[in-house]
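Every heavy atom of this structure was used, including side-chain atoms; hydrogens, water molecules and symmetry mates were not. Bear in mind that the values here come from a model prediction, so they are computed numbers and not experimental data.
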Amino acid sequence: MPKISREGREEFLPGLNGKVALVTGAGGMRGVGRATVMKLADQGADIALTDVHREIPDLPPAEVRTEWGGIDTVSTEVEALGRRSLPIYCDLSDPPQIERMVDQVMDEFGRIDVLVNNARAIIGKDKVPVTDLEKEVWDHFFSINTTAVFLCTKYVAKHMIQAGNGGRIINIASNASKQASANGAAYSASKFAVLGLTQASAMDLAPYNINVNAVCPGPINTDRMSYWERDQAEQRGITQEEFRGQIVESSAQNTPLGRIAESEDVANMVSFLAGEDASFITGQAYNVNGGQLFH
Ligand SMILES: NC(=O)c1ccc[n+]([C@@H]2O[C@H](COP(=O)([O-])OP(=O)(O)OC[C@H]3O[C@@H](n4cnc5c(N)ncnc54)[C@H](O)[C@@H]3O)[C@@H](O)[C@H]2O)c1
C-alpha cells in the first residue's frame, strides 16, 4: 500500500510500487497484454488482468499446442514476482460485463491507478474491400476496439477522480490509427477513433491529473490469431505458423530498423507512460514502429 503523508497525500514511491494496473486483452501467450502486465508488475504494480474466454478455433496454434492457460497463467507469473494479481474473464463486446469487471477490480484492490486498453477484436474477417465488409463485422470491431475503450475509460476514470490520486490511461492504438490500408476499413476506422477518444478524454481528465495517451505500434511479433492468415495458409498448403513467419520476415524488410516489433517494445512505451517521468505528457499518440511512419 502507498505511504500517506501527514497532510493526507500519497507520498511518492519509486516505480509503480503501491499502484494497481488494469490491463485488458492480457491472456495471449506472446501478446502485448502479457508483456505489459509483466513489465508493470516488474515495476512494482499489482495487476488486474482481463480477457475473453476463447474457443480452440479462435486461438493461435501455439496456444492450442502448448495448452496455454491464458490470464490464469499470466496471473501466476505476476504472483511469482511477488505482486498481487486478479484475473477476470470479461467479454468487452458486452457493456454490462465491463462495468462488473471494473467493480470487481475495485472490490479486490480498492483502487486503479493505471488502465491499459489493449484488447482488440480478433482480426481477419474484416480484411475485405469496404463493399464486401459485413455490418456485423464492422459493429464487432467498433464494440471491442472503440466502445470498450470508451467504457473502460469512463468507469475507471470515475474511480480515479473519486480517489483523487490522478492516474494514467494508455490506449493501444496502431499505425492503422494514422494511415489506413486497403481491406482495413473496420480496423482502421475503429483505431482512428481511439485517437479522438484519447485526445478528448485527456482534456476532460487533465483537471484531475489523469493523463491519457495512446501507443501506435506497427506490426508486432505477437502470434495473434487471424482468420485471414489461417485461410491464406490453407490456400498455400502451408501451416498458419509458416505463413506467419513469412509476414514477420516481410515486416522486417519493410521496417527501417530492420526487424518486426516484439511485444516488449510496446510494453516499454506503456511502462514509460505509466511512470513518473511521463507526468507532463497527455493526449499524445506515440509511434513504436521502427521508423515505418513519422506522424
Ligand atoms: N499484433 C500486431 O501486429 C499489432 C499491430 C499494431 C497494433 N496492435 C495493437 O496492439 C494490441 C495488442 O495486439 P496483440 O496482437 O497482442 O492482440 P491480439 O490480437 O492477440 O488480441 C488481444 C487480446 O484481445 C482479446 N480479445 C478479443 N476479443 C475480445 C473480447 N470480445 N473481449 C475481451 N477481450 C477480447 C484477445 O483474446 C487477446 O488476448 C491491440 O490493441 C492491437 O490492435 C497490434
Side-chain angles (χ1 to χ4, degrees), residues 22-38 47-78 85-102 104-105 116-128 132-149 151-152 172 174 183-184 186-187 190-191 219-245 247-248 263:
L22 165 60
V23 181
T24 69
M29 189 163 74
R30 293 180 53 191
V32 170
R34 179 188 178 199
T36 298
V37 161
M38 297 315 292
I47 306 285
L49 61 166
T50 173
D51 211 323
V52 70
H53 269 297
R54 284 195 279 169
E55 301 300 325
I56 284 178
D58 293 337
L59 290 168
E63 290 187 22
V64 178
R65 198 173 51 244
T66 58
E67 297 182 11
W68 172 246
I71 49 173
D72 295 317
T73 300
V74 181
S75 179
T76 309
E77 293 176 326
V78 170
S85 178
L86 176 68
I88 306 173
Y89 286 92
C90 168
D91 184 343
L92 293 172
S93 67
D94 182 24
Q97 287 192 41
I98 299 179
E99 197 167 7
R100 275 202 303 277
M101 180 269 290
V102 173
Q104 273 177 268
V105 181
V116 184
N117 284 305
N118 166 72
R120 63 144 163 211
I122 300 174
I123 54 174
K125 291 181 182 158
D126 61 310
K127 214 166 158 51
V128 293
D132 296 337
L133 184 60
E134 301 288 346
K135 182 173 178 298
E136 291 71 35
V137 173
W138 170 272
D139 288 343
H140 184 67
F141 269 61
F142 269 78
S143 72
I144 297 163
N145 296 4
T146 315
T147 306
V149 178
L151 290 174
C152 286
I172 310 300
S174 173
N183 299 335
Y187 184 64
S190 68
K191 289 286 187 179
I220 316 168
N221 193 12
T222 59
D223 195 25
R224 78 279 164 92
M225 177 56 196
S226 161
Y227 303 119
W228 179 81
E229 288 172 19
R230 186 168 62 194
D231 292 349
Q232 291 294 310
E234 249 170 52
Q235 281 170 29
R236 290 166 164 77
I238 57 177
T239 68
Q240 198 176 327
E241 283 166 315
E242 284 167 338
F243 185 63
R244 183 85 196 123
I247 293 178
V248 169
S263 289

Check: E63 and R54: side-chain contact (heavy atoms from CB on, under 4.5 Å), yes or no, with the steps?
Finding: CA-CA 11 Å; E63 290 187 22; R54 284 195 279 169; 4.0 Å; yes
Margin query: Tell me the closest heavy-atom pair linking L22 and T50, and the distance in Å.
Written below: CD1-CG2, 4.1 Å
Checklist line | side-chain contact (heavy atoms from CB on, under 4.5 Å) involving D51 - partner list, sequence neighbours excluded | finding: I71
Checklist line | Side-chain touch W138/D126, heavy atoms, less than 4.5 angstrom | finding: no
Item checked: Validation row: D58, Y227 side chains within 4.5 angstrom (heavy atoms) -> yes
Next item on the list: Report yes if some heavy atom in the side chain of D139 is under 4.5 Å from a heavy atom in the side chain of E136; otherwise report no.
Entry: no
Note to self: Just to verify, which of L92, T24, N145 counts as forming a side-chain contact (heavy atoms from CB on, under 4.5 Å) with R120?
What the structure shows: N145
Next item on the list: Would you name the heavy atoms of M29 and A62 that are closest together and state the gap between them?
Entry: CE-CB, 3.7 Å
Item checked: Under the salt bridge (Lys or Arg N to Asp or Glu O under 4.0 Å) test, residues paired with E234 that sit two or more places apart -> none
Item checked: Closest non-hydrogen atom pair, Q104 against I88 -> OE1-CG2, 3.6 Å
Note to self: Under the rule for salt bridge (Lys or Arg N to Asp or Glu O under 4.0 Å), what residues qualify as partners of R224, not counting sequence neighbours?
What the structure shows: E229
Next item on the list: List in chain and number order the residues that pass side-chain contact (heavy atoms from CB on, under 4.5 Å) with A35, two or more places apart in sequence or in another chain; answer none if no residue qualifies.
Entry: S263, E264, A267
Next item on the list: Can you run down the side-chain hydrogen bond (donor to acceptor under 3.5 Å, both in side chains) pairs that involve residues 89-100, sequence neighbours left out, and say none if there aren't any?
Entry: D72-Y89, D91-S93, D94-Q97
Checklist line | Heavy atoms of other groups near E67 CD, more than 12 under 6.0 Å | finding: no
Notebook entry, point to check: Between V74 and P87, is any pair of side-chain heavy atoms under 4.5 Å apart?
Noted result: no
Note to self: Could you work out, with side-chain contact (heavy atoms from CB on, under 4.5 Å) as the rule, every residue matching R236, not counting sequence neighbours?
What the structure shows: Q232, I238, F243
